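Report on the following structure.
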Amino acid sequence: MNDISNILTVADLGVVDYGAALDLQTAMVAARLDDRINDTLLLMEHPHVFTLGRGADERFIVANPAGIPTYRVSRGGQVTYHGPGQLIGYPILKLEGRARDVTRYLRSLEDAMIDALHEFGLDANRRAGLTGIWIGDRKIASIGVGIRRWVTYHGFALNVSTDLSFFDSIVPCGIEGCRMTSICKLSALQISVPEFSAAMKKSFAQVFGYDTIVAQTSAQIWQHLDSPRAESQAQE
């Protein structure tokens, strides 16, 4: 039997309303604290939404003519946009031992995205003093995390085929002059969110040291949240 500490559950959930994703994360954090679930990476897209970190300045939403919903949430960071064509990742991980280091966790999230982007021939990098991923002078991915009793939630957003015009309504991540980009804007390849998601889950597992990836559906995720954890789990 595999050591459960080396198993990563991954759920590709498709398009999920932002409020429903918050509720799911809350339930999963409680379950992970009680060891009813393994470490889990939730992957999804959201309908159009602006989100503000817990200390974010609302003035960074400079316009909202379309009336896009806005949420203030318990993550770090300033304002960002989520929408179709953007891969969202919410890791629900119990950090143990040396992994209880917020900076190390953030750098590992960046490493996983950098490695996945390299798979598509994109030279992605960090920028000194800032969190997230840049390609050239434009930002392609943002990070805003929450940690509750050393269980992580919230996470990252990476632009695959996102309509970048929605970022014109905000100051992304509170960085004046920040311009966003996407995989499809930079690459001749028209990559889909599911295609990039497949690369992302592999790079995430490698960076964070998981030996086994177990895929679960939304129904399976909720089944584990609604019932006590079984002594053994089916693996694939």
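This is a predicted model, so every value here is computed, not measured.
- Taking a 6.0 Å sphere around NZ of K94, one finds it holds more than 12 heavy atoms contributed by other residues, nucleotides or ligands.
- Under the 4.5 Å side-chain contact rule for hydrophobic residues, L22 and V151 share a cluster.
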- Query: Yes or no on side-chain contact (heavy atoms from CB on, under 4.5 Å) for S108 and V207, after CA distance, side-chain angles and deciding distance?
  - Reply: CA-CA 7 Å; S108 293; V207 168; 3.9 Å; yes
- Can you list the steps and then say if F208 with L41 is a side-chain contact (heavy atoms from CB on, under 4.5 Å)? CA-CA 11 Å; F208 282 89; L41 175 61; over 6 Å; no
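- Listed for the S187 side chain is no donor-acceptor partner under 3.5 Å among the backbone atoms of C184.
- Residues P84 and H48 have side chains in contact (heavy-atom distance under 4.5 Å, counting atoms from C-beta outward).
- Nearest heavy-atom pair across I140 and I183 is CD1-N, 3.7 Å.
- Here the CG-CZ distance, from L186 to F120, works out to 13.5 Å after rounding to the nearest 0.5 Å.
- With contacts defined as side-chain heavy-atom distances shorter than 4.5 Å, the pair E45/Q86 does not qualify.
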- Query: Stepwise, does the side-chain contact (heavy atoms from CB on, under 4.5 Å) test hold for F204 with D115?
  - Reply: CA-CA 9 Å; F204 188 95; D115 290 350; over 6 Å; no
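- Within the 4.5 Å cutoff, side-chain heavy atoms of W222 are placed close to those of L24.
- With a 4.5 Å cut-off on side-chain heavy atoms, T131 and R107 count as touching.
- Checking side-chain atoms of R75 against main-chain N and O of G146 turns up no donor-acceptor pair under 3.5 Å.
- In this structure, CG in L109 is found 12.5 Å from OG in S142, a value given to the nearest 0.5 Å.
- Between I133 and L158 the shortest side-chain heavy-atom distance does not fall below 4.5 Å.
- Using a 4.5 Å heavy-atom cutoff, the side chains of T9 and I37 are not in contact.
- Cluster membership for I213 and L43, using ILVMFWY side-chain heavy atoms within less than 4.5 angstrom, is shared.
- Between the side chain of D17 and the backbone N or O of G19, at least one donor-acceptor pair lies under 3.5 Å.
- Of all heavy-atom pairs spanning L52 and E58, the tightest one is CD1-CG, 3.8 Å.
- Taking CE of M180 as the start and NZ of K185 as the end, the distance is 12.5 Å to the nearest 0.5 Å.
- Heavy-atom minimum distance, R127 versus D137: NH2-CA, 3.5 Å.
- A donor-acceptor pair under 3.5 Å links the side-chain atoms of T152 to the main chain of L93, judged by distance alone.
- Heavy-atom minimum distance, Q78 versus G55: NE2-O, 4.1 Å.
- Between the side chain of Q25 and the backbone N or O of H154 there is at least one donor-acceptor pair closer than 3.5 Å.
- The two residues V62 and I170 make their nearest non-hydrogen contact at CG2-N, 4.0 Å.
- In this pair, H46 and Y18 present their aromatic rings perpendicular. The plane angle is above 60°, beyond the 30 to 60° band.
- Rounding to the nearest 0.5 Å places CE of M200 at 4.0 Å from CZ of F156.
- Side-chain contact between L117 and F196: present, with at least one pair of heavy atoms (C-beta onward) separated by less than 4.5 Å.
- Between R32 and D39, at least one side-chain nitrogen of the basic residue sits less than 4.0 Å from a carboxylate oxygen of the acidic one, meeting the salt-bridge criterion.
- For the pair A21 and V16, the tightest heavy-atom approach, listed with the atom from each and the gap, is N-CG1, 3.9 Å.
- Q220 places a side-chain N or O within 3.5 Å of a backbone atom of T217 that can act as its donor or acceptor partner.
- Side-chain N or O atoms of R54 include none that pairs as donor or acceptor with a backbone N or O of V73 at under 3.5 Å.
- Counting heavy atoms from C-beta outward, K201 and L8 have side chains that stay 4.5 Å or more apart.
- Rounded to the nearest 0.5 Å, atoms CD1 (I143) and OG1 (T80) are 11.5 Å apart.
- The backbone N or O of I114 sits nowhere less than 3.5 Å from a side-chain atom of R126 that would complete a donor-acceptor pair.
- Looking only at distances, no side-chain donor or acceptor of T51 sits under 3.5 Å from a matching main-chain atom of Y71.
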- Query: Between F167 and C178, is a side-chain contact (heavy atoms from CB on, under 4.5 Å) present by the stated rule, with each step listed?
  - Reply: CA-CA 10 Å; F167 287 100; C178 179; over 6 Å; no
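- Rounded to the nearest 0.5 Å, atoms OH (Y153) and CE (M28) are 14.5 Å apart.
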